[in-house]
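Report on one structure; see the data block that follows.
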Amino acid sequence: MRYWLVKSDPESYGWPEFLKEGKTDWTGVRNFQARNNLQAMMYGDEVLFYHSQQGRDIVGIATVTKPAFPDPTAKSGNWVAVELTPLQSFKNLVNLEVMKQTPELKNISLIRQSRLSVMPVTGEEFAKIMELSGLQD
DNA sequence: GCCAACGTTGGC
DNA sequence: GCCAACGTTGGC
């Protein structure tokens, strides 16, 4: 199983709406690197859900319930979407600033490549984030 | 609101 | 094919 992180501006789509809907198609990605990451996701992979712009926190974990399929919102081009389902809400939100101050997370893509919206997370990074969230996994 | 990072576009 | 201009994202 692999670990990932997706970003969303809570103003357009936040964790509470995601919980309410019960699942969502992660569409609209129009960046090749992010697209490649979506394509590499497999059923059951765990995905950290990060609120960009407002909060700047990882707020919970989702899981991939449908691997990559053609993005229905794309008018042209080879873009894909996945279906995500909420798995767990974090007890303690994990803030960007805290991650920056955590030595184990200094190489995390979230910090190194701030504009990428879908990115891989290592097992070690995932474990550390779980620890910071107050959930033991 | 500003600005840095960076991806994309278009002129040459 | 290079690179300047421009647009977008996201941290601050």
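Atom CZ in A:R112 sits about 17 Å away from atom P in C:dG11, given to the nearest Å. In this entry the distance linking CG of A:N95 with C1' of C:dC12 reads 13 Å, nearest Å. Rounded to whole Å, the distance from CD on A:Q54 to C1' on B:dG1 is 15 Å. C:dG10 atom P lies 11 Å from atom CG of A:L5, rounded to whole Å. C:dT8 atom P lies 15 Å from atom CG of A:D9, rounded to whole Å. The distance between atom CD of A:Q113 and atom C1' of C:dG11, rounded to the nearest whole Å, is 15 Å. One atom, CG of A:L110, and another, P of B:dA5, lie 16 Å apart when rounded to the nearest Å. Regarding A:I111, its CD1 atom lies at a distance of 16 Å from the P atom of B:dA5, rounded to whole Å.
Counting non-hydrogen atoms of neighbouring residues, nucleotides and ligands closer than 6.0 angstrom, the CD atom of A:Q54 exceeds 12 such neighbours.
The aromatic rings of A:Y3 and A:F126 lie parallel to each other, their planes meeting at an angle below 30°, with 60° marking the opposite boundary.
Of the two residues contacting DNA chain B, namely A:R30 and A:R56, the nearest-nucleotide position lying further toward the 5' end is that of A:R56.
Residue A:Y50 places no side-chain N or O under 4.0 Å from the OP1 or OP2 atom of C:dT9.
Salt bridge present: A:K128 and A:E131 bring a charged side-chain N and a carboxylate O closer than 4.0 Å.
The nucleotide whose nearest atom lies closest to any side-chain atom of A:F32 is, among C:dG11, B:dG7, B:dT8, B:dT8. Distances were taken from every side-chain heavy atom of A:Q33 (C-beta onward) to each of B:dG7, C:dC12, C:dG10; the shortest belongs to B:dG7. In this structure, of C:dC12, C:dG11, B:dG7, it is B:dG7 that holds the atom nearest to the side chain of A:R115.
A cation-pi arrangement is absent between A:K20 and A:F18 under the rule of less than 6.0 angstrom and at most 45 degrees off the ring axis.
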Worksheet entry | Worked check of ring pair (Phe, Tyr, Trp, His ring centres under 6.0 Å) between A:W79 and A:F32 | CA-CA 9 Å; A:W79 302 109; A:F32 291 112; 5.1 Å; yes
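Contacts of A:N31 with the nucleic acid, taken as non-hydrogen atoms under 4.0 Å apart, involve only primed sugar atoms and P, OP1 or OP2.
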